[in-house]
2 protein chains.
Amino acid sequence: MATPDGLFVLEGRPTAQLIADQLREQIVQGTFRPGQQINESVMAGQLNTSRGPLREALQRLCQEGILVSHRNRGVFVLELETEDIQEIYAVRESVESAAANALLDGSPEQIKATCEVLRETIGEMAKQVAVSDWQAIARLDMQFHTSFVAGAGNSRLIRIYKTLAAESRMCIVNLEVSYPRVDVLVEEHQNLLDLLEAGDRKGLLKAIKRHMQKAVEDLTERQPDQVTA
Amino acid sequence: MATPDGLFVLEGRPTAQLIADQLREQIVQGTFRPGQQINESVMAGQLNTSRGPLREALQRLCQEGILVSHRNRGVFVLELETEDIQEIYAVRESVESAAANALLDGSPEQIKATCEVLRETIGEMAKQVAVSDWQAIARLDMQFHTSFVAGAGNSRLIRIYKTLAAESRMCIVNLEVSYPRVDVLVEEHQNLLDLLEAGDRKGLLKAIKRHMQKAVEDLTERQPDQVTA
DNA sequence: GGACTGTAGATTGTCAACAATTTGCGATGT
DNA sequence: ACATCGCAAATTGTTGACAATCTACAGTCC
């Protein structure tokens with residue numbers, strides 16, 4: 001939030017939050033492999049902090065669900081099963097549908113502003129597709145959907161979706177799924193944007209449903225014995 | 001989770017979790033007033049533990065959203081505005097709708113088992129209505145909806161809903177809203193159960209929507225200068 | 001008299017040492 | 001040879017003390 005003078009209120013909760021954000025980014029990028037243990041002491045040393053704040057960060061990520069904790073044994077990176085993928089995308093469909101409905105019930109300005117942001121993200125995505133930067137594409141994919149949900153203006157919905165977005169990125173990166181056909185990906189998001197702009201509620205909801213179902217298929221159909229594309 | 005022998009795996013993370021559960025119960029029951037500060041040292045003393053575990057518990061509740069933290073100033077019980085109530089119930093409608101769809105797409109046994117649990121809760125609710133125990137009624141109300149969502153079997157959906165249920169209880173208790181007419185409340189839940197049992201998807205979704213809209217009205221319409229019913 | 005500055009108190013944020021628990025390996029007995 | 005018991009290393013859980021930050025009050029200056 002910016003003040004009228006363009007200054008920023010920096011009050012909040014930095015340290016543990018900062019560590020958590022950093023770790024989350026590392027995890028969703030695949031720097032930590034699923035099932036890998038995270039040692040408190042060594043990690044604290046690497047980040048040049050103490051075990052206290054790091055512990056808080058880990059606990060936070062545990063609650064988000066991308067880490068799992070076993071008492072007296074440590075925390076481990078979540079291992080995603082087929083079941084998890086289905087769960088994640090089922091919830092995502094529900095949340096995005098709710099956001100779509102709220103957005104279309106909102107003011108035209110709200111819709112317009114959201115579309116603007118989405119358009120920019122798609123532009124970025126197209127650029128990264130050109131250079132085949134999968135890591136960046138995955139990030140922008142999630143940024144698109146997160147911005148979409150954010151457009152609805154429901155802070156709780158946004159909070160919920162951030163976790164889902166992180167888990168989705170883990171699915172994509174860890175399963176080494178380089179999106180089947182990237183140009184299709186840009187098209188699909190453009191389609192969602194067009195439907196939102198047109199105010200086609202029914203079409204948008206259907207498109208969201210299809211988008212999610214397709215993603216689950218892409219992520220689950222191929223057997224895990226396939227290492228790279 | 002129970003093992004085949006009926007034994008329980010107690011692995012998990014007790015202490016901080018236990019403290020968090022205890023505090024959450026106190027908060028949603030209204031023992032702590034909205035906006036009230038929670039002092040780490042004194043609270044740790046009261047619970048006969050150290051600041052470390054208690055801090056973890058507080059942080060957990062912050063992430064759940066029923067506490068808010070101001071850096072270097074402490075944590076405070078969330079103050080619910082009209083906006084929050086609208087947000088909470090909008091998300092609840094979305095989550096319960098998703099659960100309803102998943103449940104109706106599931107096996108008949110799954111539906112049957114869920115109905116059984118819901119029926120029991122309604123029975124309990126009727127008993128508490130007879131003695132006008134508002135606190136218990138609010139708890140059972142949320143238990144009904146939580147069981148409903150749990151019936152869908154999506155662990156992420158359940159986790160999300162638990163937070164919403166806690167916030168809802170805070171709304172009800174803190175606003176001193178003694179449900180407008182309690183017999184209507186039992187009827188309404190019975191209606192939801194009937195629709196689920198009948199497999200009437202459209203009717204169930206509509207009923208959920210109405211249920212939520214009505215709740216928002218009840219919680220927001222009366223001005224806060226009214227202290228008790 | 002009003003506004004600003006400086007200080008005091010209190011509370012949270014961080015840290016390092018201690019205690020408890022678990023896992024793995026090796027010795028022992030059958 | 002196999003299973004069981006016991007020990008040792010490592011890691012997490014907990015604790016108390018120290019440091020940084022913020023709020024409130026009092027004193028001073030304009």
Side-chain angles (χ1 to χ4, degrees), chain A residues 1 3 7-24 26-27 32-79, chain B residues 1 3 7-24 26-27 32-79:
Chain A
M1 283 299 167
T3 63
L7 297 170
F8 285 82
V9 287
L10 37 78
E11 110 155 291
R13 47 283 125 91
T15 314
Q17 182 79 303
L18 277 169
I19 298 173
D21 290 341
Q22 206 167 337
L23 280 177
R24 190 188 305 111
Q26 297 278 315
I27 291 167
F32 298 97
R33 306 302 303 177
Q36 180 180 340
Q37 181 169 13
I38 295 182
N39 186 307
E40 291 183 0
S41 306
V42 302
M43 185 61 58
Q46 288 176 4
L47 291 173
N48 201 36
T49 181
S50 179
R51 271 182 62 206
L54 185 114
R55 228 178 124 73
E56 285 193 20
L58 290 181
Q59 196 216 33
R60 199 170 274 233
L61 297 177
C62 283
Q63 203 171 336
E64 284 186 17
I66 65 179
L67 293 179
V68 290
S69 165
H70 299 273
R71 178 171 173 88
N72 290 321
R73 286 208 294 138
V75 299
F76 303 80
V77 179
L78 178 67
E79 299 187 77
Chain B
M1 284 297 168
T3 62
L7 296 170
F8 285 82
V9 287
L10 37 78
E11 106 158 294
R13 14 185 3 206
T15 314
Q17 182 79 299
L18 278 169
I19 298 173
D21 291 341
Q22 206 167 337
L23 280 177
R24 190 188 306 112
Q26 297 279 314
I27 291 167
F32 297 98
R33 307 302 304 178
Q36 180 179 340
Q37 182 170 13
I38 296 182
N39 186 306
E40 291 183 0
S41 306
V42 301
M43 185 62 59
Q46 287 175 3
L47 292 174
N48 200 35
T49 181
S50 180
R51 270 183 62 207
L54 184 114
R55 231 178 119 75
E56 285 192 21
L58 290 181
Q59 197 215 31
R60 195 170 276 233
L61 297 177
C62 283
Q63 203 171 336
E64 284 185 18
I66 65 178
L67 293 179
V68 290
S69 166
H70 298 275
R71 177 173 173 86
N72 290 322
R73 286 208 294 137
V75 300
F76 303 80
V77 179
L78 177 68
E79 298 187 78

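The analysis underlying the following values was restricted to heavy atoms, covering all of them including side chains, and did not include hydrogens, waters or symmetry mates. Labels below follow one simple rule: chain letters A, B, ... track the order of the sequence lines, proteins then strands, and each chain is numbered from 1. Because the structure is predicted, anything quoted here is derived from the model rather than measured.
- Side-chain contact check for B:Arg24 versus B:Ile66: some heavy-atom pair is nearer than 4.5 Å.
- For A:Arg73, the side-chain atoms get nearest to C:dT23 when compared with the rest of D:dT23, C:dT23, C:dT14.
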Under the criterion side-chain contact (heavy atoms from CB on, under 4.5 Å), I'd like the reasoning laid out for B:Leu67 against B:Ile27: C-alpha separation, chi angles, the key distance, then a yes or no.
CA-CA 9 Å; B:Leu67 293 179; B:Ile27 291 167; 3.8 Å; yes
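- Side-chain contact check for A:Arg73 and A:Gln37: no donor-acceptor pair (N or O, by modelled atom type) lies under 3.5 Å.
- For the pair B:Leu54 CG and C:dG13 C1', the interatomic distance rounds to 14 Å; values are reported in whole Å.
- Distances were taken from every side-chain heavy atom of B:Glu40 (C-beta onward) to each of D:dT23, C:dT14, C:dT12; the shortest belongs to C:dT12.
- The CG-P distance, from A:Asn48 to C:dC15, rounds to 8 Å in whole Å.
- When distances run from any side-chain atom of B:Thr15 to the nucleotides D:dG13, C:dT23, D:dT11, the shortest one goes to D:dG13.
- Heavy atoms of B:Gly52 sit under 4.0 angstrom from at least one base atom.
- For D:dT15, the OP1/OP2 oxygens have a side-chain nitrogen or oxygen of B:Thr49 closer than 4.0 Å.
- Counting any heavy atom pair closer than 4.0 Å across all strands shown, A:Ile38 reaches sugar-phosphate atoms only and no base atom.
- In this model, the phosphate group of C:dT11 is not approached by any side-chain N or O of B:Ser41 to a distance below 4.0 Å at OP1 or OP2.
- The base of C:dG13 is paired with the side chain of B:Arg51 by a donor and an acceptor separated by under 3.5 Å.
- At whole-Å resolution of the value, NE2 in A:His70 and P in C:dA20 are 24 Å apart.
- Nearest to the side-chain atoms of B:Asn39 among the listed nucleotides D:dG13, C:dA16, C:dT12 stands C:dT12.
- Across D:dC22, D:dT14, C:dT12, the shortest atom-to-atom separation from the side chain of B:Arg55 is found for C:dT12.
- With distances taken from any side-chain atom of B:Asn72 to the nucleotides C:dC15, C:dT22, D:dC22, the minimum falls on D:dC22.
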